[in-house]
Structures are given as structure tokens and as C-alpha cells.
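What follows is a set of notes on a single structure, which appears directly below.
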Amino acid sequence: MRFSYDIIVVGGGHAGCEAAVAAAKLGADTLLVTMDMEKVAAMSCNPAVGGVAKGQIVREIDALGGQMGIITDKSTVQFRMLGRSKGAAMWSPRAQCDKYIFSKNWREVLDTTPNLSMWQDSVTEILTDDNRVIGVKTLMGVTFKASRVVLTCGTFLGGLMHVGQSTAAGGRAGDMASYGVTESLVKLGFEASRMKTGTPVRIDGRTIDFSVMEEQFGDENPSKFSFSNTTKAVEKQLSCYLVYTSNEVHDTLRTGFDRSPLFTGTIKGIGPRYCPSIEDKLRTFAEKESHQLFLEPEGNTTNEYYLNGFSSSLPLEVQVEALNQIKGLENAQIYRPGYAIEYDFFPPTQLKHTLETKLIEGLFFAGQINGTTGYEEAAAQGLIAGINAALALTNKEPLQLRRDEAYIGVLIDDLVTKGVDEPYRMFTSRAEYRILLRQDNADGRLTPIGRKVGLVDNQRWCEFEAKQERIKELRKALKQMSAAPDETEKYFEELVQPNITQRRPLQTILTRNNVTIEGLATHIADFKEKIEELKLNQEEIEFIEIATKYEGYIEREKSSAEKMQRLENLKIPEQFDFNTLKSLSIESRQKLTKIRPNTIGQASRIPGVSPADINVMLIYFGR
């Protein structure tokens with residue numbers, strides 16, 4: 001039995017699993033401490049990965065050498081690319097997963113990763129010496145030593161579950177809460193607060209009348225998350241179903257409002273704005289006569305269905321009565337009720353961009369402990385925290401992704417710079433450079449970074465280089481090859497568009513609306529031969545189309561990002577006293593002193609710091 005490691009990761013959720021595997025793969029002797037080794041990376045809420053902006057994050061995790069994309073591909077039961085009717089910057093992959101296979105696949109990765117050990121227990125204390133972390137103590141009284149600790153505690157810190165007027169301690173249904181860590185950190189000087197999230201009923205599929213519901217199929221030609229050739233797209237897909245609430249359902253739900261912990265003041269934590277409970281929806285959107293809900297299968301070998309959009313902490317009898325008034329669910333039986341859960345979190349302005357805490361050297365926070373919500377946001381933080389904990393062991397430069405490099409960069413910068421006043425969820429609208437941060441180019445942006453860090457192995461790197469070469473050759477062909485009006489006449493008749501009047505480069509023709517590489521290849525024989533010679537797959541062809549059609553916008557956004565980067569390059573001394581700059585507003589001095597930004601760019605994004613304040617700092621620091 002060993003009691004000393006390089007890195008200890010606390011918590012076996014999506015953040016903890018990514019952190020532990022990343023650290024171990026980078027050569028750190030790593031211990032993952034989790035309360036239940038049979039529930040690693042459990043899908044405690046909806047059985048899905050990805051969605052708007054979240055799908056981009058998963059592809060970024062994969063591009064850096066993380067595991068979530070690969071695990072998802074191996075667990076997918078339905079795949080859809082959301083946002084196809086919008087611009088390419090909005091396209092977001094989403095996969096329904098078999099939640100049991102997902103967790104099983106993660107356990108297999110953990111069990112087979114060199115340098116990684118596991119211990120089933122609950123951490124109760126963070127051990128420090130002279131503002132440095134030195135290890136953890138557990139409920140069983142075991143002390144493990146390490147110079148780096150990553151906390152990924154999910155909803156378990158002081159977890160409290162609510163169903164109507166019934167309250168029980170727990171991190172999620174069936175699991176106990178964790179105590180001691182919050183108290184330990186508060187003693188060290190950390191600020192803690194409470195948040196709330198929730199989950200809906202789980203329904204027995206044998207009691208659902210699917211025949212009266214609107215069936216929602218997966219994509220006809222499904223894609224996948226991982227850029228690696230080791231996974232393939234799902235072949236046999238399960239359907240989801242759309243259902244709707246009604247005024248009758250709403251009236252029934254309202255009968256329980258006087259016993260709702262959300263409205264009686266029992267729940268003190270801040271709830272998620274963008275994933276509200278059904279009672280929150282009825283209060284906020286009182287004029288709406290119905291709300292759309294999604295029935296999502298939880299796996300191939302279970303009858304369990306998740307009712308997305310029906311999260312609730314109302315009394316059990318109210319939940320069931322309202323559920324049975326929904327068309328198709330009149331005879332529905334449930335496995336468990338919906339419930340709300342409150343838990344401790346630590347405002348993320350207490351972190352550096354590396355996700356290391358400012359107060360305690362060697363201590364990192366990742367996931368819901370930072371006030372985020374969602375598997376994807378948690379996994380991204382876990383990956384970065386695990387990488388930086390490992391890099392710190394050998395005094396290597398930490399990994400800090402910029403806002404124009406990745407949604408992960410936006411996520412972490414938002415948390416550290418702006419903090420949170422509600423559970424944070426990623427959206428495309430949070431990114432200034434979303435044309436640059438598309439899901440289709442995540443490997444081009446981040447695989448070289450993952451290679452430099454050490455997470456992208458030789459096989460993956462060879463695949464990446466070969467793909468980039470194929471793309472380069474076809475883009476070159478588009479510039480060099482051209483077509484005459486007689487070659488494109490039939491194609492433009494099909495598109496009901498005017499034909500070209502003289503010979504044009506294929507690249508110019510491709511910029512037209514609805515013109516595709518496949519369409520050009522169908523009518524231009526030598527171009528078709530070139531595509532077949534290069535053996536490009538559909539995803540690579542799609543990437544080239546997007547890069548060609550949006551080239552002007554992409555270059556403009558790159559230019560904008562480069563200008564902003566100049567502010568990011570202007571460093572602020574670590575111990576600078578902002579109170580000496582009397583020309584700054586009082587609010588600005590207070591915010592800057594609390595958050596302690598590293599650069600002028602970061603300072604410019606702090607709420608309460610005005611453009612005039614930024615100009616003062618630019619003058620002072622010698623712009």
C-alpha cells in the first residue's frame with residue numbers, strides 16, 4: 001500500500017476522470033480518490049454529450065488528447081448535428097449515450113492507464129503547509145501525500161436533495177454527501193457559497209405510449225466526436241420523442257407551489273438560468289400555454305427514459321399527477337422522482353487561469369466546484385487542471401488557452417475574470433470569435449498544442465498530419481483548377497442559378513450559395529478524379545467548403561483577435577497595488593485588487609472596469 005503520489009485527484013466525475021488520465025499520461029504518479037469506483041463519470045443528469053457550444057468543447061477536449069470524445073463515440077445511441085440551418089459557426093454535435101456503457105468505458109480507461117491508481121473513499125480535509133498543498137485526509141482516516149491536488153467534487157460538497165418538503169443529505173440519488181472539504185478550505189481563507197441544480201423523473205419506457213408522440217430521429221449519415229480513426233460513427237440509432245405540457249399540466253403543477261422548496265425559501269442556492277426547473281418556467285413564462293419536453297433513452301439495455309425539460313423539486317404526488325396528464329404518459333410509471341440538489345461551490349475568481357488557486361500553491365479546482373454546470377464544461381476544466389498540475393511538477397510552462405484559440409479558453413477566462421452569479425453554461429454567444437472556434441476545425445487549432453504538451457501520441461499525430469496534407473492539396477486544387485460555362489451549365493440549372501459567363505477558378509465558384517464540392521465533382525470529371533485520388537472523407541470535404549465560403553469572415557476575425565492579443569501581451573506586475581492609481585474609479589480599484597488580472601486584456605473583461613480605466617492603465621504601463 002502506497003501513501004505518497006505526485007498528484008491526487010479528488011472526485012471521479014467527468015472532471016476528475018479527465019484530470020487523472022491527463023496527469024498520468026504526462027508521467028505523473030497519480031491517485032484518483034472517488035466515493036464509488038463503480039460510478040466513475042456517471043451521467044447523473046441527462047444521458048447525452050454535446051449540444052450548442054458544448055459539442056465544440058468536446059471536440060476541443062479530443063483535439064488536445066482528452067478522452068471524452070472517444071468515450072462518447074463508443075457509447076452513442078443517437079447522433080445529431082444541431083444548428084445545420086444556421087451558419088457553420090453554430091453547428092454543434094450532440095450524442096445520446098448509453099449511460100451505463102459510457103461509465104463502463106471510462107472505468108476501462110482508468111484501469112488501463114499507466115501511472116494511475118484508484119482509492120475508494122471520501123476526502124474530508126485538505127492538508128497544507130506554509131500555503132502549499134501537501135496532501136489529503138479521508139473519511140477512513142487515511143492520509144495521502146502529494147505536492148499537487150486537483151479537487152473535482154461535483155455536487156457532493158454539503159449536498160442536500162429536495163423533493164417537496166422532504167430533504168435528505170446526498171451528492172445525488174443513491175450517494176452520500178461529502179463533508180469536511182468545504183470547512184477545510186474556508187479555514188484556509190477561501191470564500192464558499194451555495195448553488196442549486198435539479199433533475200427530472202426517470203420513466204419506465206414500457207408504460208409510455210410512443211405512438212401518439214413525435215419521433216425524433218438521429219442524422220441519416222451520423223458523424224462522431226473524436227478526430228481519431230480509432231472510433232466510428234454509430235450504426236444502430238435509438239429515437240428520442242417530443243412531448244408537450246398543457247394548461248392542465250401547468251394547473252396541476254401549480255397546486256404544489258406552496259410546498260415547493262424553491263418557493264418556500266428552503267432552497268438557498270442559486271439555480272441555473274438556462275436549465276430551469278419546470279416550476280421556474282411556469283413562474284418566468286406565465287403566459288406560455290405549453291412547454292416542449294424531450295423523452296431521451298438512457299441506453300440499449302434499459303427501459304429508463306429521461307424527460308428533458310421536466311426538472312422539478314415539487315412533491316412526488318404533484319410530479320406524478322402532472323406527468324400523467326401529458327399526452328402519451330397517461331399510464332407512465334416512474335423509477336424515481338425529480339429532485340433539486342444544493343451544494344457548495346467556490347467562486348472561481350479565486351483561481352488563476354491555470355485553474356490553480358491563488359491562495360494555496362499546488363491546489364487546483366475543476367468542474368462544478370467552480371460554479372459551472374454540465375459534463376462538458378467539467379471535463380474541459382478537468383483536462384486543463386490535470387495537464388497543468390503535471391506540468392508544474394517539472395516547472396514547465398503551463399497551458400493557458402486564449403479566447404480566440406478555444407471555447408475552453410473562453411470558459412476558463414469567463415470563470416476566472418468575471419466569476420459566476422449562477423451555474424455557468426457555455427453558449428456560442430459567449431465567444432467573440434466563434435467563426436474561428438468551429439467544431440470542424442478544433443483539431444487544426446488544438447492538436448499541435450496537445451502534441452506540444454505531450455498528450456497526443458505518435459499515431460494520432462501521424463493521422464493529423466496526413467489529414468492536414470490532404471486538406472492542403474484539395475485547397476490548392478480548388479485555386480489552380482477552373483471550369484468553363486459549358487461544364488457548369490447543367491449544375492447551375494439544377495440549383496436554379498445563373499451560370500458563370502466565363503472560365504472561373506473552382507474556388508470562386510464554390511463561394512456561391514448552395515454550391516458544394518460534391519456537386520462540382522459530379523459535373524467536372526478531373527476535379528472528381530482529384531478528390532478520389534486524395535481519399536478525403538466527408539468531414540474533410542465539409543471543412544474545406546466552410547473554410548472557402550467563410551474565408552473573408554475568418555480573416556477579418558483573425559485580424560480582430562490579433563488586435564485584442566496586443567492587450568493580452570501587456571503584462572501587469574503580479575503584486576501591483578491598484579490603489580496607487582488614483583485616476584481609476586473606486587469600483588475598478590476594488591475589482592482589480594480582488595481578481596488581480598495578469599494582463600490589460602484580462603482587466604478589460606472584468607465587470608466594473610470601464611474603457612476609461614483601461615486607458616489609464618495603458619498610459620501607466622507605457623503603451
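Values reported hereafter were calculated over all heavy atoms of this structure, with side chains retained and with hydrogens, waters and symmetry mates removed.
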Any residue meeting side chain to side chain donor-acceptor pair (under 3.5 Å) with [X], in chain and number order, not counting sequence neighbours:
| X | result |
| --- | --- |
| Gln381 | Asn370, Thr372 |
| Asp280 | Arg283 |
| Arg94 | Gln96, Glu296 |
| Glu108 | none |

Residue pairs involving residues 135-162 (criterion salt bridge (Lys or Arg N to Asp or Glu O under 4.0 Å); sequence neighbours excluded)
none
With Lys224 via salt bridge (charged side-chain N to carboxylate O under 4.0 Å, His left out) - residues at least two apart:
none
Take Glu125 and Lys187, measure what salt bridge (charged side-chain N to carboxylate O under 4.0 Å, His left out) needs, and give me the verdict at the end.
CA-CA 11 Å; Glu125 186 178 355; Lys187 280 182 182 177; over 6 Å; no
Heavy-atom count around Lys39 NZ within 6.0 Å, excluding the residue itself: above 12?
yes
Kindly check if the number of other-residue, nucleotide or ligand heavy atoms within 6.0 Å of CZ (Phe285) is above 12?
no
side-chain hydrogen bond (donor to acceptor under 3.5 Å, both in side chains) contacts touching [range] (sequence neighbours left out):
| range | result |
| --- | --- |
| residues 8-25 | none |
| residues 354-369 | Arg132-Glu361 |
| residues 154-163 | His162-Thr167, His162-Glu342 |
| residues 54-71 | Lys54-Glu376, Lys54-Glu377, Gln56-Ser92, Arg59-Gln439, Arg59-Glu539, Glu60-Arg445, Asp62-Ser226, Asp62-Arg460 |

Pairs involving residues 178-204, ordered by first then second residue, that meet ring pair (Phe, Tyr, Trp, His ring centres under 6.0 Å) (sequence neighbours left out):
Phe190-Phe365
Using a strict threshold of under 4.0 Å (side-chain N to carboxylate O), is an ion pair present between Arg403 and Asp414?
yes
Is there a donor-acceptor contact under 3.5 Å from the side chain of Ser122 to the main chain of Met35?
no
Going by side chain to side chain contact (heavy atoms under 4.5 Å, CB included), name the residues that satisfy it together with Asn115, two or more places apart in sequence or in a different chain.
Ala24
